[in-house]
**Student:** 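Let me give you the structure first, and then I'll get to my questions.
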Amino acid sequence: MNLKEVWEYRELLYFLAWRDIKVRYKQTVLGVAWAALQPVFTLIIFSVIFGWLVKVPSDDVPYPFFAFCALLPWQLFTSSMSATSNSLVANQHLITKIAFPRLVIPLSAAVVSLLDFSIAFLVLLAMMVFYKITPTIAMLTLPIFILLTMATAFGIGTWLSSLNVKYRDVRHILPFLTQGWMFATPVLYSSILVPEPWRLLYALNPMVGAIEGFRWALLGTNNASGPMVLVSTSVTVMLLLSGVCYFHRKERTFADRV
Amino acid sequence: MAEDVIRVERLGKQYQIGTPHARHRSFRERLATGCIRCFRQFQRVGQDGTNDIHTEMIWALKDISFQVEQGEVLGVIGRNGSGKSTLLKILSGITDPTTGEADITGRVGSLLEVGTGFHPELSGRENIYLNGAVLGIKKAEIENKFDAIVAFSEVEKFIDTPVKFYSSGMYMRLAFAVAAHLEPEILLLDEVLAVGDAAFQQKCLGAMGAVANEGRTIVFVSHNLAAIRNLCSRTLFLESGHLIKAGPTEEVMGYYLQRHSTSLAAAVALPAGLPEAPGVGRVLRFLTQDGMPQAQFRLGEPWRIAIEFELFCPVPQVIAAVGLISLDSVPLLTYWSKSKDLKPGHYSVEFDCKLPFAACDIQFVVSLSSYQRPFYHIQGVGHVSISPVAVNEQPLRSSGTGVLFSTQQPEILAITLEDDRAREDIVDVLQLVPEKHSF
């Protein structure tokens with residue numbers, strides 16, 4: 001494994017992330033506010049349809065806050081997954097001209113999506129004040145679930161980015177993947193809506209553990225059982241390890257194929 | 001004896017060609033070709049023959065072996081597609097060889113292109129840091145050299161302006177300035193000198209010469225034979241992936257020029273330019289006065305040069321220019337078109353070359369510009385040979401590159417005449433002059 005090499009290139013990682021952050025909101029009027037506005041707009045739509053019209057049960061907290069606790073990690077997941085998946089192709093000029101551990105590229109792409117997340121997190125804090133929700137000590141475990149989300153996204157990102165080098169179909173698959181996956185994840189509803197016998201199977205979706213973990217840390221709800229979290233986390237670890245291995249196996253051919 | 005820092009052993013690189021969209025194969029095509037292949041194999045039971053039109057393989061490099069000593073400056077020459085760039089890509093570790101191996105001892109810095117990683121939205125200052133990181137220069141090192149880099153690039157005034165507003169010359173100068181401050185033990189260089197105006201090119205050559213004198217090992221790939229001659233003590237000559245000749249630069253270059261001149265083509269496909277350029281040169285053609293394609297002309301015979309190019313968007317004030325240079329890149333003369341506002345499309349422009357060149361070999365520079373700022377510039381393409389046999393009466397036997405401007409023959413006038421004593425000297429001089437005189 002070439003993790004030591006990646007560490008040697010941490011400055012490149014830093015500069016690539018810094019470049020993407022600098023460029024991200026150039027020539028926009030609202031600038032970095034977009035990072036907060038996007039999830040808020042999505043939340044308004046979801047709250048109207050699922051909270052107000054469909055009346056999805058929301059664990060005794062106001063539906064907007066219930067949904068936002070899940071929407072935030074979900075958007076972190078989708079944005080870092082699509083950013084990492086497209087990262088190799090987007091940086092092909094670097095890959096064909098410079099030698100460096102290729103893992104630096106998806107890593108820097110993943111780091112960038114954390115920025116949007118932290119800005120949107122401020123909105124979450126504001127909502128907590130608005131809905132008068134007192135934070136508990138459990139909130140300190142949030143970094144674990146952020147890490148779990150990132151690890152899942154990165155595991156899939158390494159798979160898809162390596163495949164994307166050869167098969168540009170990945171770019172077209174991504175929108176369906178994220179959309180379908182969202183309905184298979186307790187973002188707009190709670191896991192307890194899933195019938196008991198199916199729950200362990202449901203937890204094979206690694207985002208189930210991460211998202212219910214978020215709700216648990218913020219709302220104190222207990223929707224996912226211990227075994228469910230264990231299943232989700234194992235899937236995440238498997239995705240991450242297999243993704244990084246596949247990436248490592250293919251990275252020497254990227255320059256010829258991209 | 002210095003030790004070898006680069007050791008290349010029976011190196012080979014195979015690429016797959018043949019599929020029309022080999023570069024962006026989609027899963028569907030892959031499935032389709034997979035099915036076809038299965039079917040073919042089924043048909044071919046009993047036959048041997050694994051050649052499949054969809055997976056034609058080509059050796060970009062084959063059986064290359066050489067060593068480079070510590071502190072040596074090695075040149076690599078060869079025509080487009082001879083495998084020079086592939087060799088550098090393998091040496092720098094961007095791609096793996098298919099066969100053989102390349103061992104390198106020391107910190108390698110590679111410049112396969114100037115300005116890799118530049119982002120148009122970022123300012124000059126930001127790009128210096130970014131490009132430095134991409135080239136493997138540590139942040140602290142860039143901070144130390146920042147002023148020197150800016151001074152070298154001559155863009156001090158615009159250092160905080162996004163580089164998308166730079167002229168292409170400024171952009172290239174800034175990019176080269178960063179590259180010139182790269183200080184690896186082994187430097188791999190590809191064609192980087194083909195940027196900027198003559199003065200800046202001279203400056204770059206100077207910077208490279210300085211690097212070479214510091215005792216660093218350099219592998220330098222270029223079409224610019226004059227630069228190779230100045231910098232490199234030893235040179236490799238590659239042709240279609242094979243190492244044809246290796247040895248002292250003068251010797252290899254002589255061989256290259258000789259071999260080069262036997263491969264004349266009346267139409268040359270022009271290589272692609274910068275990726276964002278609004279237009280690109282397509283074909284360079286050489287024609288006789290009657291419009292017949294030809295690349296070999298007789299002394300004094302008028303001929304024509306045609307450039308075909310394509311524009312992807314409307315471009316104002318386009319000028320197409322062709323420069324004639326000698327095989328070792330000495331500029332001879334330049335022709336250019338009238339400037340014109342052009343819509344996207346294919347265009348052609350023809351230049352009449354009526355100047356009587358001496359018997360020589362000529363290469364070309366093709367350039368397209370808008371408001372006199374070039375957006376496409378290719379040096380060292382095409383090859384025309386002027387034979388020493390004149391069209392009608394022989395004006396002068398000659399060798400060496402140059403223009404024979406003696407089409408008018410002015411009378412020699414006496415200014416002062418001396419007495420008879422000088423007459424005998426003249427007879428002597430005539431005896432001294434050999435039958436073939438040249439200038």
Side-chain angles (χ1 to χ4, degrees), chain A residues 2 5-6 8-28 31 87-102 104-105 108 112 160 162-174 248-258, chain B residues 13-16 21-31 60 85-86 88-98 104 108-123 126-142 162 164 188 190 274-276:
Chain A
N2 55 353
E5 237 190 311
V6 173
E8 273 165 26
Y9 278 84
R10 61 191 181 278
E11 266 192 11
L12 178 61
L13 196 159
Y14 163 77
F15 272 110
L16 288 180
W18 171 84
R19 170 198 71 182
D20 289 343
I21 289 170
K22 277 244 163 188
V23 172
R24 202 171 170 83
Y25 297 108
K26 277 252 161 109
Q27 279 199 10
T28 56
S87 62
L88 288 179
V89 172
N91 286 291
Q92 50 178 294
H93 57 286
L94 288 185
I95 292 174
T96 53
K97 298 291 179 192
I98 306 282
F100 59 92
R102 308 305 187 202
V104 166
I105 288 180
S108 79
V112 172
L160 291 184
S162 330
L163 289 170
N164 199 11
V165 166
K166 209 168 169 197
Y167 308 108
R168 296 297 151 89
D169 307 62
V170 167
R171 194 177 15 190
H172 305 287
I173 293 169
L174 267 172
H248 183 61
R249 211 155 58 87
K250 291 282 169 190
E251 74 174 331
R252 304 292 303 176
T253 65
F254 289 163
D256 296 335
R257 298 243 164 89
V258 73
Chain B
K13 178 77 185 176
Q14 202 175 30
Y15 279 112
Q16 191 178 312
H21 304 292
R23 283 170 59 82
H24 301 287
R25 291 214 294 169
S26 71
F27 196 63
R28 184 184 60 80
E29 287 169 58
R30 173 85 177 167
L31 273 178
S85 301
T86 309
L88 275 200
K89 278 191 178 179
I90 293 173
L91 288 181
S92 58
I94 292 167
T95 176
D96 280 346
T98 314
I104 299 192
V108 180
S110 55
L111 284 177
L112 267 58
E113 169 190 79
V114 185
T116 310
F118 262 47
H119 198 289
E121 298 285 346
L122 296 177
S123 72
E126 290 162 337
N127 269 310
I128 289 178
Y129 281 99
L130 181 63
N131 190 224
V134 166
L135 294 175
I137 313 178
K138 295 265 171 269
K139 189 169 172 241
E141 212 176 319
I142 299 175
K164 66 174 172 182
L188 308 172
D190 192 355
L274 296 170
E276 291 91 17

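Throughout, protein chains are lettered first and strands after them, A, B, ... in sequence-line order, and every chain is numbered starting at 1. Quantities reported herein were computed from a predicted structural model and do not represent experimental measurements.
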**Student:** When heavy-atom pairs shorter than 4.5 Å are enumerated against chain B, which of K22(A), Q27(A), E8(A) gives the highest number?
**Tutor:**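 Of the candidates given, the most pairs with chain B belong to K22(A).
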**Student:** Chain A: which of A133(B), P162(B), S92(B) shares the most heavy-atom pairs with it under 4.5 Å?
**Tutor:**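 Most heavy-atom pairs under 4.5 Å with chain A: A133(B).
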**Student:** Against chain B, work out which of V104(A), I98(A), L12(A) has the most heavy-atom pairs shorter than 4.5 Å and name it.
**Tutor:**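 When all of V104(A), I98(A), L12(A) are compared, I98(A) has the most.
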**Student:** Is it the side chain or the backbone of L188(B) that comes within 4.5 Å of chain A heavy atoms, both, or neither?
**Tutor:**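 Neither; nothing under 4.5 Å.
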**Student:** Checking heavy atoms, do the side chain of K139(B), its backbone, both or neither come under 4.5 Å from chain A?
**Tutor:** both
**Student:** Validate the cation-pi geometry between K250(A) and F254(A): distance from NZ or CZ to the six-membered ring centre under 6.0 Å, angle to the ring axis within 45°.
**Tutor:**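 Relative to the ring axis of F254(A), which defines the angle, K250(A) lies outside at least one limit.
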**Student:** Pick from E11(A), H172(A), E251(A): which one has the most heavy-atom pairs with chain B under 4.5 Å?
**Tutor:** E11(A)
**Student:** Got more than 12 heavy atoms from elsewhere within 6.0 Å of NZ, K164(B)?
**Tutor:** yes
**Student:** Need one label for K26(A): side chain, backbone, both or neither, based on atoms under 4.5 Å from any heavy atom in chain B.
**Tutor:** side chain
**Student:** Which residue in the set D96(B), T95(B), T98(B) passes side-chain hydrogen bond (donor to acceptor under 3.5 Å, both in side chains) when paired with K13(B)?
**Tutor:** T95(B)
**Student:** Going by heavy atoms in the side chains, are L91(B) and I104(B) under 4.5 Å from each other?
**Tutor:** yes
**Student:** Can you tell me which portion of L163(A) sits under 4.5 Å from chain B's heavy atoms? Options are side chain, backbone, both or neither.
**Tutor:** neither
**Student:** Checking heavy atoms, do the side chain of T253(A), its backbone, both or neither come under 4.5 Å from chain B?
**Tutor:** neither
**Student:** For I95(A) and I94(B), work out which heavy atoms get closest and say how close.
**Tutor:** O-CG2, 3.3 Å
**Student:** Donor-acceptor check, side chain of N127(B) to backbone of H119(B), threshold 3.5 angstrom: yes or no?
**Tutor:** yes
**Student:** Is the Y9(A) ring parallel, tilted or perpendicular to the F100(A) ring (thresholds 30°, 60°)?
**Tutor:** tilted
